[in-house]
A.B. asks: 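Before we start, here is the structure in question, set down as structure tokens.
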Number of protein chains: 2
Amino acid sequence: MAATLLDIAKKLNISIATVSRALNDRPGVGSDLRQRVLDTAIELGFVPNMAARSLVTSRTQTVGFVIHPFDHPFSSDPFYFPILMAIEVELVTHDYHIMLTSLNSDSPINLRMVDQSRVDGLILVGPNLNPQFVTSNITSGFPVVLVDNKPGHRKANTILCDDGGGAYEAATHLIGHGHTRIAHIGGPLDWISSRHRYAGYCAAMRDAGLEANCRAVHKESTTTATGEKAAAELLDSAEPPTAIFAANDSMALGAARAAAARGLTIPGDLALIGFDNISAAEHFSPPLTTIRIFKEQMGKLAARRILELINDPGMPPVETSVSTELVLRQSCGCA
Amino acid sequence: MAATLLDIAKKLNISIATVSRALNDRPGVGSDLRQRVLDTAIELGFVPNMAARSLVTSRTQTVGFVIHPFDHPFSSDPFYFPILMAIEVELVTHDYHIMLTSLNSDSPINLRMVDQSRVDGLILVGPNLNPQFVTSNITSGFPVVLVDNKPGHRKANTILCDDGGGAYEAATHLIGHGHTRIAHIGGPLDWISSRHRYAGYCAAMRDAGLEANCRAVHKESTTTATGEKAAAELLDSAEPPTAIFAANDSMALGAARAAAARGLTIPGDLALIGFDNISAAEHFSPPLTTIRIFKEQMGKLAARRILELINDPGMPPVETSVSTELVLRQSCGCA
DNA sequence: AAGAGTTGCGTAAACGTTTACGTTTCTATT
DNA sequence: AATAGAAACGTAAACGTTTACGCAACTCTT
């Protein structure tokens, strides 16, 4: 059905080699003939067959996007969807496609996608991927970039947001409102983002001389329910905090629930800042102050990085951190 | 690097044809030899090269997932992400992969994905896809299934949720609470889901003898802001409604804002029901009564349908509707 | 004007499968 | 025991590209 190189060649009484050269503008074909090839190519609606091409070039012009299927770490909002779409938009401008695969903890370490040589590179997303899987891939020499994940022991191409900086800014802002007993509700400490956010919080407290007041509780999940539970522990303790910085918006909303259950008003009795800027944050009452993550930017950078690696696999690893933004609303105590 | 059929053949002193037959368990190879082939295949870590295979079979074992890049119709929650993941999970059990592509309104009608014969079928998702693109694809004979979309004039393989039934149940529930002046805030009427939800609402009113009280406003977007605007119009009118059924949760939250701005309490002065059951609905105060959509089920069905079509392209089109569920919380007036 | 270099094109092999068609060997029928 | 048929395996072509190599016909130097 679809036109092939041979169809064009026969129509012009030339060889398929010349046709191929003309279409891939490689040297070795006269400019007049080249033009005639181009013309009849569009006339016949020619589109190169990818299977044939990649059989000989061993290039597929496809990158794999690997994600944990139930991975909505810092919110029940699908966190990674905007990143995925941004990657796709960027890749498509370079004639690349994206192949999706989910990988839960008990999946085999090897991806069929790469074994069958369906992809030229891999973008691994999220902190919940099997660490053994991650390291085995980044040491394989196969082009890999990590998003929101980072192996501790080895350099890798990584795209993160500035979790530490964002957390520092959030905590500092609460300090600026006059709070001294500021607590932190964090995520699992084996997530790089949780560690960085916690570290940013600690640094801010230290720089303000409030080191002794540091108070953090880390849970294994980051849902609203666990946020509520964590806040309950803090609020029911001997010296309850007057402000809470939660590692994500969902937990911040949970904290607000715990506060409401104890008759505490926000931000009067308890100031609150989250992280992520999910859609619910804006519509909450009071509207939730939070840290915005530029996910589109992260996706774009991930896409560009993987393309660079594919074209030059020898490049040394680079870690990239995208800045965050404090978005002020009312839960922190601002007007 | 990767082992090929020839490697196995040489190791066993047989021909690649026999190896291929053994691995694809086709007849024509003795059971003892077949076993030895299987053994050395896993010994050498053989994985068939997809490019070579699909070059000769013209099958890629891949389906394309097409989505409008800024398509988060019934909420700012990425609506289609759970559907996408469910499709992937179902396809992977059948050794199929999924290739993602975004298609905005000004994209060319033809998908590179299919022209380059990278996919065996297409799943088109969402109401915002170019209608010309949709119809040109479903008439092409190429396997296509639609999700949350349906061409008016022609039969197609379609997966919808029971928008009409869900809306009917929502409106009927409000009527059960004693309301008579129930308004509807709807989405764009060129979306099939908007039309069905509107129709369900109308049917419920009619069946209750409240036909004369029907009152609907449709906007071009479905964000919180437009929900607020629509509710404002309704609440500021001569005979304001005592209950509102919104076509999605985001608009319902907007309506709650408009109510709050007018000093109206929920559900006392204004009862409210949404649609979708987004995460924010549960954490809103009061918690939002809404209609739950079984997106995972929709994805699973879409995946199965496309596989059926790929294996038998001649099958007559089937329209599937997944039932919805009323989830009762407080915004409707329930305890 | 003879040699060297360049340009334009064709020939053919290669990528790793699947599969139609032969050929041999085995089993079953008479 | 002779023959037919089935079963087991090999040969080779095909899928649609890319690309190394070869061979002309030019263009340029001296």
A.B. asks: Is the phosphate of D/dT18 approached by A/Asn24 (side-chain N or O, under 4.0 Å from OP1 or OP2)?
C.D. replies: yes
A.B. asks: Of all the heavy-atom pairs spanning B/Met298 and B/Cys161, show the shortest one and how long it is.
C.D. replies: CE-N, 3.7 Å
A.B. asks: At under 4.0 Å between heavy atoms, what does B/Gly28 touch on the DNA or RNA strands: base, sugar-phosphate, or nothing?
C.D. replies: base
A.B. asks: Hey, is the side chain of A/Thr4 poking within less than 4.0 Å of OP1 or OP2 on D/dT17, counting only N and O atoms?
C.D. replies: yes
A.B. asks: Indicate whether OP1 or OP2 belonging to D/dT18 is found under 4.0 Å from a side-chain N or O atom of A/Ser20.
C.D. replies: yes
A.B. asks: Counting the atoms with a prime plus P, OP1 and OP2 as sugar-phosphate, which does A/Arg26 contact under 4.0 Å by heavy atoms, base, sugar-phosphate, or nothing?
C.D. replies: sugar-phosphate
A.B. asks: What's B/Leu6 touching, base or sugar-phosphate or nothing? Going by heavy atoms closer than 4.0 Å.
C.D. replies: nothing
A.B. asks: If you check the B/Phe46 side chain, which of D/dG16, D/dT18, C/dT17 turns out closest?
C.D. replies: C/dT17
A.B. asks: Just by distance, do the side chain of B/Asn149 and the backbone of B/Leu146 share a donor-acceptor pair under 3.5 Å?
C.D. replies: no
A.B. asks: A/Ser15 near the nucleic acid: base, sugar-phosphate alone, or nothing, with a heavy-atom cut-off under 4.0 Å?
C.D. replies: base
A.B. asks: As a test of reading the structure: which of C/dT18, C/dA20, D/dT17 is closest to the side chain of B/Leu5, going by heavy atoms?
C.D. replies: C/dT18
A.B. asks: What nucleic acid atoms does B/Leu33 come within less than 4.0 Å of, heavy atoms only: base, sugar-phosphate, or nothing?
C.D. replies: sugar-phosphate
A.B. asks: How is A/Thr57 classified with respect to the nucleic acid when contacts are heavy atoms under 4.0 Å: base, sugar-phosphate, or nothing?
C.D. replies: sugar-phosphate
A.B. asks: What is the nucleic acid contact for B/Asn13, judged by heavy atoms within less than 4.0 Å: base, sugar-phosphate only, or nothing?
C.D. replies: sugar-phosphate
A.B. asks: Identify the residue among B/Asn128, B/Asp148, B/Asp163 that makes a side chain to side chain donor-acceptor pair (under 3.5 Å) with B/Trp191.
C.D. replies: B/Asn128
A.B. asks: Whether the side chain of A/Arg34 and the base of C/dG8 hold a donor-acceptor pair under 3.5 Å is what I'd like checked.
C.D. replies: no
A.B. asks: Which is it for A/Thr62 and B/Arg118 under the side-chain hydrogen bond (donor to acceptor under 3.5 Å, both in side chains) test, yes or no, and what are the steps along the way?
C.D. replies: CA-CA 10 Å; A/Thr62 306; B/Arg118 285 171 175 274; 2.9 Å; yes
A.B. asks: If I take atom CD in residue B/Gln116 and atom P in nucleotide D/dG16, what distance separates them, rounded to the nearest angstrom?
C.D. replies: 15 Å
A.B. asks: Applying side-chain hydrogen bond (donor to acceptor under 3.5 Å, both in side chains) to A/Thr158 and A/Glu319, what does each step give before you reach the verdict?
C.D. replies: CA-CA 5 Å; A/Thr158 302; A/Glu319 293 182 358; 4.7 Å; no
A.B. asks: Between C/dC15, D/dG10, C/dT18, spot the one nearest the side chain of A/Val56, thanks.
C.D. replies: C/dC15
A.B. asks: Quick check: on DNA chain C, is the nucleotide nearest A/Ala17 upstream (toward 5') of the one nearest A/Leu55, or the reverse? Name the residue that is more 5'.
C.D. replies: A/Ala17
A.B. asks: Side chain of A/Arg21, heavy atoms from C-beta onward: which of D/dC9, C/dC9, D/dT17 has the nearest atom to it?
C.D. replies: C/dC9
